[in-house]
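Letters go in sequence order (proteins before strands), and every chain restarts at 1.
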Protein chains: 2
Amino acid sequence: MTETTFDEVDQRILGILQIDSNIPIAEIAQQVALSPTPVWRRIKRMEAAGLIRARVALVDQKLVNVPMTIFIGVTAPRHAMEWFKRFQALIEDIPEVVEAYRLTGATDYIMKVVVPDIDAYDVVYQRMINEVEFTTVNSSISMEELKFTTAVPTKYL
Amino acid sequence: MTETTFDEVDQRILGILQIDSNIPIAEIAQQVALSPTPVWRRIKRMEAAGLIRARVALVDQKLVNVPMTIFIGVTAPRHAMEWFKRFQALIEDIPEVVEAYRLTGATDYIMKVVVPDIDAYDVVYQRMINEVEFTTVNSSISMEELKFTTAVPTKYL
DNA sequence: TATGAAAGACTCCCATC
DNA sequence: GATGGGAGTCTTTCATA
């Protein structure tokens with residue numbers, strides 16, 4: 001069995017790619033004080049290992065007309081697999097739901113929804129409560145985005 | 001004044017790039033039934049307009065050793081600019097805080113934090129309450145990520 | 001790991017229809 | 001908008017040290 005390990009250089013490369021994935025390898029090589037070839041090999045290794053999942057374009061929410069972010073906390077009427085499956089299918093099918101998590105505590109699930117305005121939100125909301133049963137639904141509108149990054153800390157790697 | 005408009009083709013191109021930003025222009029061209037040149041021009045136009053903010057690498061949270069996601073809801077002791085500035089600086093300075101929003105409702109702010117484990121979370125937590133005052137702090141651990149995408153709906157564009 | 005080199009892909013920008 | 005062409009960059013691989 002071959003153990004796969006990653007070092008501080010890999011951490012730094014990941015950190016760079018999480019900010020800009022289009023940066024030329026030669027430039028990354030400069031920043032980590034290596035030549036391009038080994039940097040290229042390290043990136044390939046991290047892709048193969050699955051550390052790097054994808055390279056995506058991030059859009060400006062306001063400019064693509066989905067300036068409104070809403071968090072919805074819900075509780076489930078019963079903790080049964082059948083309900084969960086329907087809930088899961090629902091959120092998967094609604095593109096406005098960009099994130100969803102099952103939580104500890106009083107709120108069973110939290111969802112993050114992006115829409116153009118309140119009217120569009122109500123359409124999503126109506127659809128949700130029509131297709132799946134909830135005991136409580138609690139919506140909080142985001143008035144301001146203070147921080148948003150897809151870059152997670154790599155220092156723990 | 002020149003009005004900048006975007007059509008359904010732009011929507012589709014954005015949708016594609018939000019899933020994979022490394023896909024060759026020639027392939028996008030096929031998918032939207034255009035030749036590469038106009039597709040290239042459309043992408044440049046959307047970049048210039050700021051619709052496309054960045055191209056980033058997404059990493060696997062578990063594989064980079066930050067498998068734990070925690071949501072922290074807080075209320076502020078006073079609604080003063082001085083407090084807000086310190087709070088803002090705090091979250092900006094903590095890489096484990098990947099998202100933060102000011103909300104309507106009972107919870108003033110919600111933060112999303114990613115860490116390796118509970119111990120690492122406590123380090124972040126202690127630092128936060130040491131550096132900034134909060135009236136209430138409410139942490140919910142994510143037991144399961146049901147959905148996570150950086151792709152927002154483009155149909156409203 | 002570094003260096004050098006070479007092939008190929010892709011981007012980018014022409015000019016023309 | 002389509003086609004075609006060409007320069008240039010970047011990726012990818014290999015050979016050598």
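In this structure, CD of B/Gln30 is placed 16 Å from C1' of D/dT3, rounded to the nearest angstrom. Note: CD1 (A/Ile25) to P (D/dT9) measures 16 Å, nearest angstrom. Between A/Ile23 atom CD1 and D/dC10 atom P there is a gap of 11 Å when expressed in whole angstrom units. Taking atom CG of A/Leu17 as the reference point, atom P of D/dT11 lies 10 Å away to the nearest angstrom. When the P atom of D/dC10 is taken as reference, atom CZ of A/Arg55 falls 14 Å away, rounded to whole Å. The distance from atom CD1 of A/Ile28 to atom P of D/dT9 is 18 Å, rounded to the nearest whole Å. Computed from coordinates, the A/Asn22 CG to D/dT9 P distance equals 16 Å when rounded to whole Å. We find that CZ of B/Arg45 is positioned 16 Å from P of C/dC13, with the value rounded to whole Å.
Note on B/Lys85 versus B/Glu82: no salt bridge recorded, every NZ/NE/NH1/NH2 to OD/OE distance being 4.0 Å or above. For B/Asp60 and A/Arg53, the salt-bridge test fails: no basic side-chain N is under 4.0 Å from an acidic carboxylate O. Ion pair A/Arg78/A/Glu133 flagged as a salt bridge, since at least one NZ, NE, NH1 or NH2 atom sits closer than 4.0 Å to an Asp/Glu carboxylate oxygen. Using a cutoff of 4.0 Å between basic side-chain nitrogens and carboxylate oxygens, A/Arg55 and A/Glu47 are scored as salt-bridged.
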Tabulated below should be each protein N or O lying under 3.5 Å from an N or O of nucleotides 2-4 of chain C; please produce it.
from  : atom 1 : to      : atom 2 : distance (Å)
C/dA2 : OP1    : A/Ser35 : N      : 3.2
C/dA2 : OP2    : A/Ser35 : N      : 3.2
C/dA2 : OP2    : A/Ser35 : OG     : 2.6

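A donor atom on one side chain and an acceptor atom on the other are not found under 3.5 Å apart for A/Ser140 and B/Tyr101.
The ring-ring contact (aromatic ring centres under 6.0 Å, His included) test applied to B/Phe87 returns B/Trp83, B/Tyr109, B/Phe134, not counting sequence neighbours.
When each of A/Trp40 and A/Pro24 is assigned the nucleotide of DNA chain D with its nearest heavy atom, A/Pro24 is the one assigned upstream, toward the 5' end.
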